[in-house]
Amino acid sequence: MRRAALAVALVALAAASPALAADHVVVLSNMRFGALPANLRVGDTITWENRDIVAHTASARDRSFDVTLQPHQARRITLRHAGPVAFYCRYHPAMQGELRVAAR
Amino acid sequence: MKTMFALGAIAALAIAAPAAAQAPTDPQIAHIAYTAGQIDVEAGRQALRISHNQAVRAFAETMVRDHEAVNRQALALVQRLHVTPEANATSTALTAQAAAARDRLSHLTGAAFDRAYVANEIAFHRTVNGALRDTLIPNAHNAELKSLLESGLALFTEHQTHAEHMAQALR
Ligand SMILES: [Cu+2]
């Protein structure tokens with residue numbers, strides 16, 4: 001019985017994570033969002049790392065995430081849904097980009 | 001309007017002049033950059049007292065936040081380097097021009113203020129960015145000062161673009 005439960009748990013775990021959720025890093029420096037990660041999947045996280053001396057934000061146009069990053073601060077968000085997600089900095093609207101998130 | 005352009009031209013001239021005549025020293029460069037930052041913080045505070053336009057207020061908040069942040073860095077840097085910023089003709093001209101602009105804007109309200117503030121921000125950032133690019137950065141001797149000025153130029157170029165987009169929307 002215990003073994004069966006374990007097997008079920010293992011199967012559930014395997015189904016939930018064909019690959020474990022990955023953490024990606026996007027660096028903000030010199031008034032730009034740096035290289036954006038490819039192969040993003042729902043459930044993955046992105047750590048936004050601000051290396052500038054001024055504050056920035058990473059804000060999704062669909063409002064699925066919105067973090068304020070003080071100078072030299074890093075903050076992590078989780079990608080909750082698939083599709084393209086356009087984002088920008090609320091303080092510096094010329095800073096923008098788009099993430100492509102695949103279903104898991 | 002004519003007065004504003006005339007003053008802008010004088011400041012541009014004053015800022016460009018040291019390159020032709022005599023290159024500014026690091027203490028003078030630091031003073032010019034710091035003064036320009038303070039001027040824009042003051043302008044932002046004035047906008048926050050007068051404007052009710054959400055986009056203009058958000059922009060003004062960013063100007064205060066960013067220029068204060070850069071000036072904090074500048075102050076820390078000159079203290080670390082034991083450099084005393086030195087007043088000069090350029091920073092004096094910038095300060096005089098800013099006082100005139102502040103006075104002119106203080107008589108305006110509503111959309112007229114918003115348009116004038118944004119137009120002034122475009123002109124100001126254009127002048128300062130030109131000075132950074134052509135005079136201040138090329139003449140900076142200390143590597144850290146040069147690097148800070150370069151960060152400033154990237155930042156203020158974005159501010160200029162931001163203000164230009166706002167001006168389109170306010171027309
Ligand atoms: Cu930003």
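Here is how names work: the chains are called A, B, and so on, in the same order as the sequence lines, proteins then strands, and each is numbered from 1.
A single hydrophobic cluster is seen to contain both B:Leu149 and B:Phe124, as judged by linkage of ILVMFWY side chains at heavy-atom distances under 4.5 Å, directly or through other members. Hydrophobic clustering, with ILVMFWY side chains joined whenever heavy atoms are under 4.5 angstrom apart, keeps A:Met95 apart from B:Phe59. One hydrophobic cluster holds both B:Ile29 and B:Leu81 under the rule that ILVMFWY side chains link at heavy-atom gaps under 4.5 Å. Hydrophobic clustering, with ILVMFWY side chains joined whenever heavy atoms are under 4.5 angstrom apart, keeps B:Ile32 apart from B:Val41. Residues A:Leu79 and A:Val67 share a hydrophobic cluster, clusters being chains of Ile/Leu/Val/Met/Phe/Trp/Tyr side chains in contact below 4.5 Å.
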**Prompt:** Run the side-chain contact (heavy atoms from CB on, under 4.5 Å) check on B:Leu148 and A:Ile53 step by step: do they pass?
**Reply:** CA-CA 9 Å; B:Leu148 181 59; A:Ile53 56 170; 3.7 Å; yes
Short of 3.5 Å, which donor-acceptor contacts do chain B and chain A share? List atoms and distances.
unit_1	atom_1	unit_2	atom_2	d
B:Asp66	OD2	A:His92	NE2	2.6
B:Glu158	OE2	A:Ala94	N	3.1

Could you list the donor-acceptor pairs under 3.5 angstrom formed between side-chain atoms of residues 109-116 of chain B and any protein atom two or more places apart in sequence or on another chain?
unit_1	atom_1	unit_2	atom_2	d
B:Asp114	OD1	B:Ser51	OG	2.7

